[in-house]
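Read through the structure below, which is laid out as structure tokens, and then see the notes.
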Amino acid sequence: MILDLIKNVCEENKDNIFYKINSDYITYGDLWKKANELASRIPSSYKGPIVVYGNKEKEVLVAFVACLLSGNEYISINYEIPENRILKI
């Protein structure tokens, strides 16, 4: 299962940088920890798509893993696309 692979990689590389843009970064360990924290805040009774509005922030990656952990679909919407396209989604 994909979550097992992600978990194993995060645990084996917990102190290594997973993602870095400019001076902002997140380690594998922090990715796994923050994704689990976010997933625990998604009501277990909710099963449906979760829209994540962002671009290249580390939080977008955390949200993606949290959606996997919670069993929900992930829909990424880049805030750099024109508003009229966002409204159609």
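Computed from heavy atoms alone, side chains included, the values below leave out hydrogens, waters and symmetry copies. This is a predicted model, so every value here is computed, not measured.
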Heavy-atom side-chain contact between Asn13 and Phe18 under 4.5 Å: no
So, using side chain to side chain donor-acceptor pair (under 3.5 Å) as the criterion, who are the partners of Glu57 when residues are at least two apart? Tyr79
Heavy-atom side-chain contact between Ile81 and Asn78 under 4.5 Å: yes
Treating Ile, Leu, Val, Met, Phe, Trp and Tyr as nodes and any side-chain heavy-atom pair under 4.5 angstrom as an edge, say whether Ile2 and Leu38 lie in one connected cluster. yes
Under 3.5 Å, sequence neighbours excluded: what are the donor-acceptor pairs made by side chains of residues 59-70?
unit_1 : atom_1 : unit_2 : atom_2 : d
Ser70  : OG     : Ala66  : O      : 3.2
Ser70  : OG     : Cys67  : O      : 3.1
Ser70  : OG     : Asn72  : ND2    : 2.8

Could you tell me which residues satisfy salt bridge (charged side-chain N to carboxylate O under 4.0 Å, His left out) with Lys34, sequence neighbours excluded, listed by chain and number? none
Results of side-chain contact (heavy atoms from CB on, under 4.5 Å) for Glu11 - residues two or more places apart only: Lys7, Asn8
Going by the salt bridge (charged side-chain N to carboxylate O under 4.0 Å, His left out) test, which pairs reach into residues 39-56, not counting sequence neighbours? none
Donor-acceptor pairs under 3.5 angstrom involving side-chain atoms of residues 21-28: please list them, not counting sequence neighbours.
unit_1 : atom_1 : unit_2 : atom_2 : d
Asp24  : OD1    : Lys58  : NZ     : 2.9
Thr27  : OG1    : Lys14  : O      : 3.3
Thr27  : OG1    : Asp30  : N      : 3.1
Thr27  : OG1    : Asp30  : OD2    : 3.4

Please give the remaining members of the hydrophobic cluster of Leu87, linking ILVMFWY side chains under 4.5 Å, ordered by chain and number. none
Is Tyr74 close to Ile50 at the side-chain level, that is, under 4.5 Å between some pair of heavy atoms? no
Going only through I, L, V, M, F, W and Y residues with side-chain contacts under 4.5 Å, is there a path from Tyr19 to Leu5? no
Listed once per pair and sorted, the salt bridge (charged side-chain N to carboxylate O under 4.0 Å, His left out) pairs that draw on residues 74-85, sequence neighbours left out: none
